[in-house]
Amino acid sequence: MMDYNKLAELLFPDIDKTPADYEAFYPSRPAAADGAVITRLGPSPTGFIHLGNLYGAFVDERLSHQSRTSDGTPGTFYLRIEDTDDKRYVEGAVETIIRSLGFFDINFDEGAALDGEEIGAYGPYFQSNRGPVYQAFVKELVRKGQAYPCFLTEEDLNAIRQEQEANKETTGIYGKYAEKSRNLPYEEIEANIAAGKPYVVRLKSSDTSADSRHQGVNYEDRDGVTYIVINDAIRGKVAMPANDQDVIILKANGIPTYHFAHVIDDHLMRTTHVVRGEEWLMSLPIHVELFEKLGFELPTYCHTAVLMKIDEETGNKRKLSKRKDPELSLDYYRKEGYHPQAVKEYLMTILNSNFEEWRAENPDAGIDEFHFTTEKMSSAGALFDLNKLKDISKDILLKIPADELADFLINWAREFKPQALPLLEDKEYLTKILDLGRHDNKPRKDLIYAKQIFEFISYFYDDYFTIQERIPEQVSDEDAREILKRYLETYDHSDDQSEWFEKIRTITADLGYAVKPKDYKKHPEEYKGSVAHVSTVIRIAVMGRSQSPDVWSIQQILGEERVRARIRELIG
RNA sequence: GGUCCUAUGGUCAAGCGGUUAAGACACCGCCCUUUCACGGCGGUAACCCGGGUUCGAUUCCCGGUAGGAUCACCA
């Protein structure tokens with residue numbers, strides 16, 4: 001009979017703290033028992049933060065920050081860096097994560113922070129600094145005979161896998177494939193370690209049909225197989241075969257695998273809701289078994305759907321991939337100049353199916369006033385819809401005051417279009433431009449994102465002004481010249497809008513065009529064209545394009561000199 | 001291949017045994033209008049297939065099919 005205490009000491013001679021020590025060191029959060037939701041974001045520090053991360057982070061943030069204890073204290077949202085894979089670390093990644101999320105108003109209360117600091121009493125928040133914590137729990141598991149060292153080499157593992165594949169069996173270390181390692185005599189283990197052989201620690205998966213079943217988990221027997229049934233906050237009941245694999249919990253370098261770190265950290269840091277992508281669903285049985293063996297209470301799981309897109313090549317839905325899809329990168333939205341509020345609003349519409357309805361009823365409410373629920377989340381992968389984002393963006397920008405929008409645009413230019421910055425420096429001018437047509441009963445909604453806005457308003461700046469369109473076919477070149485000539489002659493910058501338009505009517509009638517577009521429509525043979533065509537000539541002369549807000553208003557902003565100069569330029 | 005998840009118009013989605021099967025985006029037409037946008041009105045367009053259960057299935061069950069996810073000393 002193996003002496004597990006002796007084995008534990010052999011494996012972890014330097015670990016003197018016990019699980020009980022850590023339980024005491026990280027006290028349970030009183031707020032959590034009183035209705036507060038504790039969530040965490042656990043990114044690996046690859047330095048790449050994408051839309052999927054934002055999607056999940058948003059759920060975490062809302063869940064915790066909208067929750068309240070009985071005295072009104074909100075829950076906690078913390079940042080834990082999951083850097084158990086040393087190969088993945090990228091310099092400056094933590095800062096990128098915090099800044100990228102901060103751009104969307106998603107802020108952490110606790111955990112890893114800027115300048116390498118950490119905030120909160122549940123740290124360290126870098127998993128790479130928590131080695132002794134994990135090892136104390138592994139040691140305990142070894143002591144109880146529920147974990148064991150495994151010296152299988154890569155070649156051994158490959159051989160086993162090949163055999164299993166040949167036999168069409170499930171791959172991995174379980175059942176008879178685990179027996180040899182599980183039953184290695186103490187002397188042999190000792191000799192291996194003395195010889196410096198690398199080893200991992202595996203969980204000794206146990207028979208779940210036994211009566212050692214965890215009280216927080218429902219089990220179900222289906223055709224002789226034991227299933228665990230978990231109530232997922234997003235998906236409802238989820239059933240999966242119980243784990244029977246002797247999974248690795250501690251890698252040869254002494255660092256735990258994700259599975260083990262997740263269980264230890266989320267327990268010790270007192271996480272109440274674990275929000276993560278559905279790609280984790282399949283490993284849930286492993287986590288459940290770990291929680292069970294460790295005697296921890298299960299958190300509430302929220303497995304979010306994966307964001308999808310249509311693959312141009314195959315026409316099928318597929319997971320957004322960071323290599324193929326630029327719109328997955330958060331940087332894409334920053335570069336295009338989408339307002340963070342618009343992206344958030346869009347995300348919320350795909351996050352909660354009743355959000356749009358709520359928004360229609362509460363057009364001016366802050367997005368945080370919406371009560372977000374996991375039950376209303378779709379469990380199928382949503383297709384990212386750029387059109388919808390644009391539509392939402394129009395409405396959001398309309399609600400942002402013009403001077404704020406001007407700041408936003410200037411900040412954007414500072415980063416992404418520095419050559420245009422000098423033009424934008426006259427903020428008053430820019431603000432007037434952005435404010436155009438926004439205060440009517442039917443406000444214009446033609447601003448979508450910075451890049452597009454810049455293009456849209458470019459004609460206000462001489463450096464960017466170009467004639468982009470041709471005059472309508474109804475108007476001959478001579479007429480066009482005559483229209484502009486008379487327009488310039490009669491132009492009075494102090495005219496109000498109706499006086500101004502009256503003059504255009506006069507020119508229209510004098511040159512044989514219909515003053516009312518309807519007349520031209522009814523009797524096209526009696527006129528050369530209509531006032532619409534005459535106006536278009538002026539539009540093109542002043543704006544370089546036929547589509548724009550109201551001409552008179554634009555001229556007021558452009559100023560008399562600029563208007564006259566542009567027309568003069570054309571009639572030579 | 002095993003396992004799990006999912007399945008309503010082009011897209012996002014309501015629905016939860018009886019509905020003319022909502023709504024939003026996109027698209028088309030008309031109206032408003034000096035252009036465009038906005039707005040208004042209208043339109044095209046959907047319950048994956050096959051069995052059950054039921055008086056009655058989009059809805060419940062089973063089986064297909066399709067798509068997705070996952071099967072690492074990565075997270």
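Chain naming here is simple, since letters A, B, ... match the order of the sequence lines and numbering starts at 1 in each.
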Q: When all nucleic acid strands are considered with a 4.0 Å heavy-atom cut-off, which category describes A:Lys168: base, sugar-phosphate, or nothing?
A: nothing
Q: Give A:Ala532 one of three labels, base, sugar-phosphate or nothing, depending on what nucleic acid heavy atoms sit under 4.0 Å from its own.
A: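 Since only primed, P, OP1 and OP2 atoms lie under 4.0 Å of A:Ala532, the category is sugar-phosphate.
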Q: Using the rule given for side-chain contact (heavy atoms from CB on, under 4.5 Å), can you reason through A:Tyr125 versus A:Leu79, listing the C-alpha separation, both sets of side-chain angles and the distance that settles it, and then say yes or no?
A: CA-CA 7 Å; A:Tyr125 294 93; A:Leu79 175 63; over 6 Å; no
Q: Between B:C71, B:C73, B:U34, which nucleotide gets closest to the side-chain atoms of A:Thr171?
A: B:C71
Q: Can you tell which of B:C32, B:U34, B:C38 lies closest to the side chain of A:Val531?
A: B:U34
Q: For the pair made of CG in A:Leu284 and C1' in B:A69, what is the distance, rounded to whole Å?
A: 14 Å
Q: According to side chain to side chain donor-acceptor pair (under 3.5 Å), who are the partners of A:Tyr527, at least two apart in sequence or on a separate chain?
A: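 With neighbours one apart ignored, the set is empty.
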Q: Among A:Leu570, A:Ile567, A:Ile483, find the residue that satisfies the side chain to side chain contact (heavy atoms under 4.5 Å, CB included) test when tested with A:Leu488.
A: A:Ile567
Q: Taking atom P of B:G2 as reference, at what distance in whole Å does atom CD of A:Gln245 sit?
A: 17 Å
Q: Scan nucleotides 22-24 of chain B against the protein and return all N/O pairs shorter than 3.5 Å with their distances rounded to 0.1 Å.
A:
from  : atom 1 : to       : atom 2 : distance (Å)
B:A24 : O2'    : A:Glu356 : OE2    : 3.1
B:A24 : O2'    : A:Lys388 : NZ     : 2.5

Q: Distance check: side-chain N/O of A:Lys390 vs OP1/OP2 of B:U11, anything under 4.0 Å?
A: no
Q: Identify, between A:Glu357 and A:His533, the residue whose nearest nucleotide on RNA chain B lies closer to the 5' end.
A: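 Between the two, 5'-proximity favours A:Glu357.
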Q: Can you check the distance between B:U54 and B:C41, where both ends of the measurement are the C1' atom (answer in whole Å)?
A: 43 Å
Q: Let me know the distance between CG of A:Asp265 and P of B:A75, rounded to the nearest Å.
A: 12 Å
Q: Between A:Ile248 (CD1) and B:A75 (P), how many Å, whole number?
A: 11 Å
Q: Could you write out RNA chain B as dot-bracket? Rules: Watson-Crick or G-U wobble, both distances under 3.5 Å, brackets [ ] for crossings, | for pairs with another strand, dot for unpaired.
A: ((((((((.[[[..)..(....]]].(((((.......)))))....[[[[[..)....]]]]])))))))....
Q: Are any of A:Lys442's side-chain N or O atoms less than 4.0 Å away from OP1 or OP2 of B:G40?
A: no
Q: Which value, in whole Å, describes the distance between the C1' atoms of nucleotides B:A75 and B:A69?
A: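 Those two atoms are separated by 15 Å.
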Q: Can you pull out every ring-ring contact (aromatic ring centres under 6.0 Å, His included) where at least one residue sits in residues 226-258 of chain A? Sequence neighbours excluded, please.
A: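 Checked against ring-ring contact (aromatic ring centres under 6.0 Å, His included) - neighbours excluded - the pairs reaching residues 226-258 of chain A are A:Tyr258-A:His262, A:Tyr258-A:Trp280, A:Tyr258-A:His287.
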Q: Which of residues 540-550 of chain A have a heavy atom under 4.0 Å from RNA chain B?
A: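 Close to the strand are A:Ser546, A:Gln547, A:Ser548, A:Pro549, A:Asp550.
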Q: By nearest atom, which of the nucleotides B:U34, B:C73, B:A75 is closest to the A:Ser44 side chain?
A: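 Closest of the options to the side chain of A:Ser44: B:A75.
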Q: Sticking with atom C1', work out how far B:C36 lies from B:A22, rounded to a whole angstrom.
A: 32 Å
Q: Quick one: label A:Lys376 by what it contacts on the DNA or RNA (base, sugar-phosphate, nothing), any heavy atom closer than 4.0 Å.
A: sugar-phosphate
Q: To check you understand the geometry: which heavy-atom pair defines the closest contact between A:His303 and A:Glu278, and what is its length?
A: CB-CA, 4.2 Å
Q: With sequence neighbours excluded, what pairs up with A:Tyr520 under the ring pair (Phe, Tyr, Trp, His ring centres under 6.0 Å) test?
A: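 A:Tyr520 satisfies ring pair (Phe, Tyr, Trp, His ring centres under 6.0 Å) with A:His533 once adjacent residues are dropped.
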Q: List the residues meeting ring pair (Phe, Tyr, Trp, His ring centres under 6.0 Å) with A:Phe454, not counting sequence neighbours, and say none if there are none.
A: A:Tyr464
Q: Who passes side chain to side chain donor-acceptor pair (under 3.5 Å) against A:Thr271, sequence neighbours left out?
A: A:Tyr78, A:Asp266
Q: Expressed in whole Å, how much space separates the P atoms belonging to B:C27 and B:G63?
A: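 Rounded to whole Å, the distance is 43 Å.
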Q: Would you say a side-chain N or O of A:Lys445 is under 4.0 Å from OP1 or OP2 of B:G39?
A: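 Indeed, a polar side-chain atom of A:Lys445 lies that close.
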Q: For the side chain of A:Glu82, starting at C-beta, report the closest nucleotide among B:G39, B:A75, B:U11.
A: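 That would be B:A75.
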Q: Considering only atom P, compute the distance from B:U44 to B:A7 and round it to an integer number of Å.
A: 27 Å
Q: By the 4.0 Å heavy-atom rule, please label A:Trp552 as base, sugar-phosphate, or nothing.
A: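 If one applies the 4.0 Å heavy-atom cut-off, A:Trp552 turns out to touch nothing in the nucleic acid.
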Q: Distance between the C1' atoms of B:U20 and B:C47, in whole angstroms?
A: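 After rounding to an integer number of Å, I get 16 Å for this pair.
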Q: Mind listing the N/O atom pairs, protein and nucleotides 3-5 of chain B, below 3.5 Å?
A:
from : atom 1 : to       : atom 2 : distance (Å)
B:C4 : OP1    : A:Tyr227 : OH     : 2.9
B:C4 : O3'    : A:Ala239 : O      : 3.4
B:C5 : O2'    : A:Arg235 : NH1    : 2.8

Q: Which of these nucleotides, B:C32, B:U35, B:A75, is closest to any side-chain atom of A:Thr536?
A: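 The answer is B:U35, which lies nearest to the side chain.
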Q: Closest to the A:Asn387 side chain: B:C73, B:C25, B:C38?
A: B:C25
Q: Has A:Arg566 got its NZ or CZ under 6.0 Å from the middle of the six-membered ring of A:Phe465, at an angle within 45 degrees of the ring axis?
A: yes
Q: Could you give the distance separating B:A21 and B:A45 at their P atoms, to the nearest angstrom?
A: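 Result for the P pair: 14 Å, nearest Å.
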Q: Considering only B:C32, B:C73, B:C38, which nucleotide approaches the side chain of A:Thr257 most closely?
A: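 Among B:C32, B:C73, B:C38, the one nearest the side chain of A:Thr257 is B:C73.
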Q: Could you list the protein-to-nucleotides 57-65 of chain B atom pairs, N/O on both sides, closer than 3.5 Å?
A:
none

Q: Among side-chain atoms of A:Tyr134 and A:Asp265, is any donor-acceptor pair under 3.5 angstrom?
A: yes
Q: For A:Tyr134 and B:A75, what is the distance between atoms OH and P respectively, to the nearest whole Å?
A: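 Interatomic distance, OH of A:Tyr134 to P of B:A75: 11 Å.
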Q: Would you please name every residue forming a side chain to side chain donor-acceptor pair (under 3.5 Å) with A:Tyr487, sequence neighbours left out?
A: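 Side chain to side chain donor-acceptor pair (under 3.5 Å) list for A:Tyr487, sorted by chain: A:Trp500, A:Gln555.
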Q: For A:Ser353 and A:Leu152, take the nucleotide of RNA chain B holding the closest heavy atom to each; which residue's nucleotide lies nearer the 5' end?
A: A:Ser353
Q: Taking the C1' atom in each of B:G50 and B:A57, what is the distance between them to the nearest angstrom?
A: 15 Å
Q: Would you mind telling me which of B:U34, B:G15, B:A75 lies closest to the side-chain atoms of A:Gln497?
A: B:U34
Q: Atom CD of A:Glu169 and atom CD1 of A:Ile160: how far apart are they, to the nearest 0.5 Å?
A: 11.0 Å
Q: Starting the side chain at C-beta, find the nucleotide from B:A37, B:A72, B:U11 nearest to A:Arg161.
A: B:A72
Q: Do A:Tyr177 and A:Gln164 have a side chain donor and acceptor closer than 3.5 Å?
A: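 Side-chain D/A pair, A:Tyr177 to A:Gln164: absent.
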Q: If you apply the rule side-chain contact (heavy atoms from CB on, under 4.5 Å), what do you find for A:Gln341 with A:Ile367, and how did you get there?
A: CA-CA 9 Å; A:Gln341 274 187 45; A:Ile367 194 166; over 6 Å; no
Q: Does A:Arg444 contact B:C36 through a side-chain donor or acceptor facing the base, at a distance under 3.5 Å?
A: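 By the distance-only test, yes, there is a pair.
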Q: Sequence neighbours left out, what passes salt bridge (Lys or Arg N to Asp or Glu O under 4.0 Å) with A:Glu482? Give chain and number order.
A: none
